[in-house]
2 protein chains.
Amino acid sequence: MHIAVDNARAVLSFRYTGPMNAPKTARERARAELTAEILAAARRQLRESGTAQLSLRSVARELGMASSAVYRYFASRDDLLTALIVQAYTEIGEAAEGADDPGAAPEERWLAVWRAARAWSLGNRHEYALIFGTPVPGYVAPHITVEVAGIMPLTLARIAAAAKRDGNLTPPAGPVCPPEAITPEMLVLLEDEAFTPDETARLILAWNRLVGIIGYELHGHLANVTADDALFFDHTARTEGAQLGLAFR
Amino acid sequence: MHIAVDNARAVLSFRYTGPMNAPKTARERARAELTAEILAAARRQLRESGTAQLSLRSVARELGMASSAVYRYFASRDDLLTALIVQAYTEIGEAAEGADDPGAAPEERWLAVWRAARAWSLGNRHEYALIFGTPVPGYVAPHITVEVAGIMPLTLARIAAAAKRDGNLTPPAGPVCPPEAITPEMLVLLEDEAFTPDETARLILAWNRLVGIIGYELHGHLANVTADDALFFDHTARTEGAQLGLAFR
DNA sequence: CAAACTCGAGAGCAGTGCTCTCTGTTGAGA
DNA sequence: TCTCAACAGAGAGCACTGCTCTCGAGTTTG
């Protein structure tokens, strides 16, 4: 637990604004470096062979060290997985954030963020599976992962908030989500913005769609269904944006 | 491969209409029985501990036989997994089919099928993960699984077809899926019914939503988001049905 | 400088999938 | 009816996994 959170913070170092204890002694520096090296090797093996093939022993072999030594840095395989999960959540979140130009029109921002999420997922399918696939049995996500998991959906929410602020968020008629289906805390997703239960529901559904449609493409459920995956994806992005109340076209 | 298909057919025996070679000799009967017993034990362990914990050896232990003996019935762990996958696809498909009353109104049928799929998934979360979660690395789904995977979505398509036949399928305005994004073969999902590319896309999206929203509920992504999961699910079902063109309310 | 802490290595345990060989049994053709 | 091939089970064994423990060597700190 102790090591896990430390490692997660190391991964998040560029985001983490809390008390940063910079490595001072040579040993501390070496430790930080080796931790990063182990994580990098694990990531490499994840990219090549997927989650199930990822083993602490093979990581240790790749780095030329005894498997038992790796346990000095990651207390368990789950710990290593947690670090990779945090890394993946952060990357897709920052890909989304990075593609979002707050000065652009909401519809353009929406499409750009969706495309960025898809692009990252296509280039990192094992990492996508790690965060949006079946949870690893017995693995309980530490709280730190919950935080970074929100970066991507919050980017979507921010766009909706901007549109709403300008009076450009007008959801189409249709079944309205009953207010009591949404928890009150969720109505304030962003600090200064408030959404109605219906808007919140539509946001959740949009996020769910983004994750789901990428998953379908990645897992082959769309094989023999779509002729042009990118085109179908763009259509889905617009449909979902329109469903939320953005004004496409 | 040989054993795998045989086992899959055994699972599908109640559906399979091809050449049925009924077991004649005592040995053949014993083989069929033991195969079923192994599968049942595997299913039990899957329900209790999930995919990763499922091992041929523990199944063998539970049945009091040597692990090597199990290999006479399932050529590999993947083979056993395939049988479980076929079983799960079939079950959720038949749950959907069973909940569908062709005599009822399309909107009622739609909601009933969605609820049935959710109910099955909530009661069989590990099985759900097996078929809609991350594909097992290295595991390539044999063709037999593709067939049974279609039962559930085809049930949805059948409802849409019925509504269309009666002139009650009127999709709302919104971004229309460009025809070239959908493969031509998909335009005829059912034997005698033809859908437009846009209708096909909406069907695919509805199926994707059904799977996706159940996954979110199962994997805890909706925790702290929805206050009433069943209510939110019903809302989603209606929204997606309306998006397809069904007339709710 | 000595004590406390840290780190790497190696052995070892219990588990896994899977293969191979060895028996006994069953079933079908001569 | 007898024979022989196919089949079924058991056990040993291989290579792998996650993880623990101990035992020295090196580093940091009081």
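In what follows, chains carry the letters A, B, and so on, assigned in the order in which the sequence lines appear, proteins first and then strands, with residues in each chain numbered from 1. All values below were derived from every heavy atom in this structure, side-chain atoms included, with hydrogens, water molecules and symmetry-related copies excluded. Since we're looking at a predicted model, the values are computed, not measured.
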Practice prompt. Can you tell me the distance, in whole Å, between the CZ atom of B:Arg72 and the P atom of C:dG17?
Written response: 18 Å
Item to complete: Identify the 5'-most and 3'-most nucleotides of DNA chain D with at least one atom closer than 4.0 Å to a non-hydrogen atom of chain B.
Response: D:dA6 to D:dG13
Practice prompt. Could you list the residues that satisfy side-chain hydrogen bond (donor to acceptor under 3.5 Å, both in side chains) with B:Thr200, not counting sequence neighbours?
Written response: none
Worksheet item: Between B:Ser55 and B:Ala26, which is nearer to the 5' end of DNA chain C once each is assigned its nearest nucleotide?
Response: B:Ser55
Discussion item. Can you tell me if A:Arg27 touches the phosphate of C:dT6, counting only side-chain N or O atoms and a distance under 4.0 Å to OP1 or OP2?
Written reply: no
Worksheet, complete the sentence: Residues at least two apart in sequence or cross-chain that pass salt bridge (Lys or Arg N to Asp or Glu O under 4.0 Å) with B:Glu91, listed by chain then number, are B:Arg43
Item to complete: With sequence neighbours excluded, tell me which residues meet side-chain hydrogen bond (donor to acceptor under 3.5 Å, both in side chains) with B:Glu217.
Response: B:Arg118
Worksheet item: Checking B:Thr183 side chain against A:Val225 main chain: does a donor-acceptor pair fall under 3.5 Å?
Response: yes
Item to complete: Kindly write out the residues that satisfy ring pair (Phe, Tyr, Trp, His ring centres under 6.0 Å) with A:Phe233, not counting sequence neighbours, or none if the list is empty.
Response: A:Trp114
Worksheet item: In whole Å, what is the span from the CG atom of B:Asp78 to the C1' atom of C:dC18?
Response: 12 Å
Practice prompt. Can you sort out which residues in residues 56-66 of chain A have a heavy atom within less than 4.0 Å of DNA chain C? Ascending by number, please.
Written response: A:Arg57, A:Met65, A:Ala66
Worksheet entry | Main-chain N/O of B:Leu54 paired to B:Ser58 side chain as donor or acceptor, under 3.5 Å | no
